[in-house]
Trainee: 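A single structure is presented below for examination.
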Amino acid sequence: QVQLVESGGGLVQPGGSLRLSCAASATISRFSVMGWYRQAPGKQRELVAVVFSGGRTNYSDSVKGRFTISRDNAKNTVYLQMNSLKPEDTAVYYCNRNGATWGKGTLVTVSS
């Protein structure tokens with residue numbers, strides 16, 4: 001079974017940037033739908049961004065224009081470039097494959 005491992009989280013000031021990575025333990029089919037979700041303290045997990053097999057992307061309204069999801073099928077890795085970060089972006093960010101496989105998450109804290 002493919003395992004997903006997120007990395008790249010940390011503490012950043014408002015307005016800063018981070019790039020998250022999600023590395024798969026085995027080859028991910030180029031047809032897989034890969035997504036990033038997040039869960040803030042006391043809130044439900046929500047979809048942040050998703051990238052489909054043809055490269056089409058979709059974003060939540062709260063991150064549109066600030067975050068960019070991308071995939072490198074040769075490296076079995078999915079990225080989330082996060083710019084203009086806000087305190088409300090603070091959450092644990094999870095990688096997901098086909099709505100079924102989850103990573104353990106990486107914490108992003110946006111604070112001055």
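For this chain, numbers begin at 1 and follow the sequence in order. Just the heavy atoms: all of them, side chains too, but no hydrogens, waters or symmetry mates, feed the values below.
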Trainee: More than 12 heavy atoms of other residues, nucleotides or ligands under 6.0 Å from NZ of Lys64: is that the case?
Mentor: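 Enclosed: over 12 neighbouring heavy atoms sit under 6.0 Å from NZ of Lys64.
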
Trainee: Examine distances only and state if a side-chain atom of Asp72 and a backbone atom of Thr77 form a donor-acceptor pair shorter than 3.5 Å.
Mentor: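 It does not hold such a pair.
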
Trainee: Measure the shortest side-chain to side-chain distance between Val78 and Trp36 over non-hydrogen atoms and say whether it is less than 4.5 angstrom.
Mentor: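 Heavy-atom side-chain distance check passes, below 4.5 Å.
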
Trainee: Could you list all the disulfide bond (SG atoms under 2.5 Å apart) pairs where at least one residue sits in residues 57-112, not counting sequence neighbours?
Mentor: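 For residues 57-112, and leaving out neighbouring residues, the disulfide bond (SG atoms under 2.5 Å apart) pairs sorted by first residue read Cys22-Cys95.
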
Trainee: Considering only heavy atoms from C-beta outward, does the side chain of Leu11 approach that of Ser111 to under 4.5 Å?
Mentor: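 Result yes, sub-4.5 Å side-chain heavy-atom pair found.
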
Trainee: Do the non-hydrogen side-chain atoms of Ser60 and Leu47 ever get within less than 4.5 Å of each other?
Mentor: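 They are not in contact (no side-chain heavy atoms under 4.5 Å apart), so the answer is no.
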
Trainee: Would a distance-only check, ignoring hydrogens and angles, find a side-chain to backbone donor-acceptor pair under 3.5 Å from Thr90 to Thr109?
Mentor: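 Checking the backbone N and O of Thr109 against the side chain of Thr90, no donor-acceptor pair under 3.5 Å is found.
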
Trainee: Could you tell me whether the side chain of Ser29 and the main chain of Phe31 form a donor-acceptor pair under 3.5 Å?
Mentor: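 Side chain of Ser29 to backbone of Phe31: a pair is present.
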
Trainee: Answer yes or no: are there more than 12 heavy-atom neighbours, outside Glu88 itself, under 6.0 Å from its atom CD?
Mentor: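 Result for CD/Glu88: enclosed.
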
Trainee: Linking I/L/V/M/F/W/Y whenever their side-chain heavy atoms sit closer than 4.5 Å, directly or via other members, would Leu107 and Trp102 fall into one cluster?
Mentor: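 Looking at the clustering, Trp102 is in the same group as Leu107.
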
Trainee: For residues Arg97 and Leu4, determine if any side-chain heavy atom of one lies less than 4.5 Å from a side-chain heavy atom of the other.
Mentor: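 Of all side-chain heavy-atom pairs linking Leu4 with Arg97, at least one is under 4.5 Å.
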
Trainee: Say whether Tyr59 and Leu18 are linked into one hydrophobic cluster, either directly or through other cluster members, by side-chain heavy-atom distances under 4.5 angstrom.
Mentor: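 Tyr59 and Leu18: one cluster.
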
Trainee: Applying side chain to side chain contact (heavy atoms under 4.5 Å, CB included), run through Val51 and Val33 and close with a yes or a no.
Mentor: CA-CA 6 Å; Val51 56; Val33 178; over 6 Å; no

Trainee: Is a donor on one side and an acceptor on the other found under 3.5 Å between the side chain of Gln81 and the backbone of Thr68?
Mentor: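 No; zero donor-acceptor contacts below 3.5 Å.
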
Trainee: Within the 4.5 Å heavy-atom criterion, are Met82 and Tyr93 side-chain neighbours or not?
Mentor: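 They are in side-chain contact.
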
Trainee: Hey, quick one: are Leu85 and Val63 part of the same hydrophobic cluster, counting side-chain heavy atoms closer than 4.5 Å, chains of contacts allowed?
Mentor: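 Hydrophobic grouping puts Leu85 with Val63.
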
Trainee: Under a 4.5 Å cut-off applied to non-hydrogen side-chain atoms, are Leu20 and Val108 in contact?
Mentor: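 Yes, close enough: below the 4.5 Å cut-off.
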
Trainee: Between Ser25 (side chain) and Gln3 (backbone), is there a donor-acceptor pair under 3.5 Å?
Mentor: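 Between the backbone of Gln3 and the side chain of Ser25 there is a qualifying donor-acceptor contact (under 3.5 Å).
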
Trainee: Side-chain contact test, heavy atoms from C-beta onward, threshold under 4.5 Å: evaluate it for Phe67 versus Leu80 and give yes or no.
Mentor: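 Yes, their side chains come closer than 4.5 Å.
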
Trainee: Among Thr101, Asn76, Asn98, find the one that has a side-chain contact (heavy atoms from CB on, under 4.5 Å) with Ile28.
Mentor: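 It is Asn76; the other options fail the test.
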
Trainee: Indicate the atoms forming the closest heavy-atom contact of Tyr94 with Arg45, along with that distance.
Mentor: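 For Tyr94 versus Arg45, the nearest heavy atoms are CZ-NH2, 3.5 Å.
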
Trainee: Grab the two heavy atoms, one from Ser112 and one from Pro14, that are nearest each other, plus how far apart they are.
Mentor: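 Shortest heavy-atom contact: N-CD, 3.7 Å.
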
Trainee: For residues Asn73 and Arg71, is any side-chain donor paired with an opposing acceptor at under 3.5 Å?
Mentor: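 On atom types as modelled, these side chains qualify, holding a pair under 3.5 Å.
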
Trainee: Can you see which heavy atom on Ala24 is nearest to which on Val2, and at what distance?
Mentor: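 Closest pair (atom of Ala24, atom of Val2, distance): CB-CG1, 3.9 Å.
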
Trainee: In plain terms, say whether Arg38 and Glu46 are close enough for a salt bridge, that is, a side-chain N and a carboxylate O under 4.0 Å apart.
Mentor: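 Answer for the salt bridge query: yes.
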
Trainee: Does the pair Asp89/Lys86 count as a salt bridge with the N-to-O cut at 4.0 Å?
Mentor: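 No, no charged N to carboxylate O under 4.0 Å.
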
